[in-house]
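Accompanying notes for the structure given below.
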Number of protein chains: 2
Amino acid sequence: MSCRGLLITVTGKMQLMATPKQRATVQGGAVRSVLADGAGFSSAQDIHAALRLQGKPVGLSTVYRHLQSLVEQGAADVIQSPDGEATYRYCGETTSAHHHHLVCRKCGHTEEVTARAIERWAADIASKFDFSDVDHTVEIFGTCAPCRRTADEIALDT
Amino acid sequence: MSCRGLLITVTGKMQLMATPKQRATVQGGAVRSVLADGAGFSSAQDIHAALRLQGKPVGLSTVYRHLQSLVEQGAADVIQSPDGEATYRYCGETTSAHHHHLVCRKCGHTEEVTARAIERWAADIASKFDFSDVDHTVEIFGTCAPCRRTADEIALDT
DNA sequence: ACTGCTAACGACAATCACTCCCACTAACGA
DNA sequence: TCGTTAGTGGGAGTGATTGTCGTTAGCAGT
Ligand SMILES: [Mn+2]
Ligand SMILES: [Mn+2]
Ligand SMILES: [Zn+2]
Ligand SMILES: [Zn+2]
């Protein structure tokens, strides 16, 4: 971590720098908007492809950088898909409270879930075994109603 | 999935094959024992390295194959480490019931946890949103008492 | 509006966990 | 002991993610 917040110029002047805000770039906006449009979780590669289709291609590295940054800001969630790929989902600026997800395995559609009971349970378990700095992951996967219906139709075609 | 259980020989005899049991190989035993010795979760690469150190090297592919197989048998758990690497942990033959983990972030020490309440909660949430084929992951991470103590001592040395 | 500083880009190389492939080996029932 | 074939392993291949570094473009200051 570099030393920020205080800058001494070659002329000897001393200036106070406000919280060094990050620059607003078109690429950053594009990534954010694509992520926000997607209904469920999508991978960095998905987003990269979507941007290319939209006719405003953004470098893959840049996509990764912005996704990371959004996660740090709490504006996006990451979960590791079952096959180990990181997938991201936009969380409105306001929705940054702690929560969990109910994710459709087929289409990625996601419902946000909060449950006081689970939080308390996790804390209780931890204190029971004398663990501290506790954190937890809770994700529920399944097949949503629309996807189930689609699957049924396909089965009939056979 | 291939057709198993019935074998017709070239001589025309028909034979019933019992559950096609897998062969007991030295490699399989080695992988299982290394996994069983490890206290917490370890990666395939870790296990591969450990075997090499022990002087009985096993091919990396083989390590992966056996870990997968152990998982399918319910004799091992997999979780994706925060950085996306799959990590495995031995679960005694008997412990094959559904359960979750309380894992020390520092040393990997793991406590197995079961909670009827959580299972029911997950099921309820799923039915509430009309999801089927439900599955869930619940992991709690923290710092165990011994590791916390160690950290404190180091802090004092400064 | 013009300028300088430097954060942010992006093409490409590099890493790395994991999977495939396939000739070869060894477990084990007959 | 023998034949069948599951199991092995080295090496090549895959695909996501990260690192590099010369170039581009926000934006604060003038
Ligand atoms: Mn929670
Ligand atoms: Mn377990
Ligand atoms: Zn769905
Ligand atoms: Zn510990």
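In the text below, chain A, chain B and the rest are named by the order of the sequence lines, each starting its count at 1.
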Can you tell me the distance, in whole Å, between the CG atom of A/Leu67 and the C1' atom of D/dT18?
14 Å
Tell me yes or no: between the side chains of B/Arg148 and A/Ser132, is some donor less than 3.5 Å from an acceptor?
yes
May I ask which nucleotide in the shown strands pairs with C/dA30, Watson-Crick or G-U wobble, both distances under 3.5 Å?
D/dT1
Could you work out which one of D/dT17, C/dC18, D/dG7 sits closest to the side chain of B/Leu60?
C/dC18
Between A/Gln80 (CD) and C/dC18 (P), how many Å, whole number?
11 Å
Given C/dC16, is OP1 or OP2 found less than 4.0 Å from the side-chain N or O atoms of B/Gln45?
no
note: A/Glu85, atom CD; C/dT19, atom C1'; distance rounded to Å ~ 15 Å
What does A/Gly28 touch in the nucleic acid at a heavy-atom separation under 4.0 angstrom: a base, only the sugar-phosphate, or nothing?
sugar-phosphate
Integer-rounded Å distance: D/dG10 C1' and B/Tyr64 OH
15 Å
To the nearest Å, give me how far apart CZ (B/Arg23) and C1' (D/dT8) are.
11 Å
Residues A/His100 and B/His136: side-chain donor-acceptor under 3.5 angstrom:
no
Between C1' of C/dA11 and CZ of A/Arg52, the distance in whole Å:
11 Å
Give A/Thr25 one of three labels, base, sugar-phosphate or nothing, depending on what nucleic acid heavy atoms sit under 4.0 Å from its own.
sugar-phosphate
Under 4.0 Å: is that the gap between some side-chain N or O of A/Gln27 and OP1 or OP2 of C/dA8?
no
By nearest nucleotide on DNA chain C, pick out whichever of B/Ala86 and B/Ala24 is the more 5' one.
B/Ala86
Measuring centre to centre across the rings, with the benzene-like ring taken for any Trp, is B/Phe41 within less than 6.0 Å of B/His101?
yes
Would you tell me whether B/His98 and B/Glu119 have side-chain atoms, one donor and one acceptor, within less than 3.5 Å of each other?
yes
For B/Arg65 and C/dC22, what is the distance between atoms CZ and P respectively, to the nearest whole Å?
14 Å
Taking only N and O in the side chain of A/Ser61, is any of them less than 4.0 Å away from OP1 or OP2 of C/dG10?
no
Short side-chain N/O contact from A/Gln68 to OP1 or OP2 of D/dT18, under 4.0 Å:
yes
Determine: side-chain N/O of B/Ser43 to OP1/OP2 of C/dA17, distance under 4.0 Å, yes or no.
no
Do the side-chain N and O atoms of A/Gln68 and A/Tyr88 include a donor-acceptor pair separated by under 3.5 angstrom?
no
Residue-phosphate contact under 4.0 Å: B/His48 side-chain N/O, C/dA17 OP1/OP2:
no
Nearest nucleotide by nearest heavy atom, which residue falls closer to the 5' end of DNA chain C, A/Val58 or B/Val26?
A/Val58
Distance in angstrom units between A/Leu51 CG and C/dC9 P, rounded:
12 Å
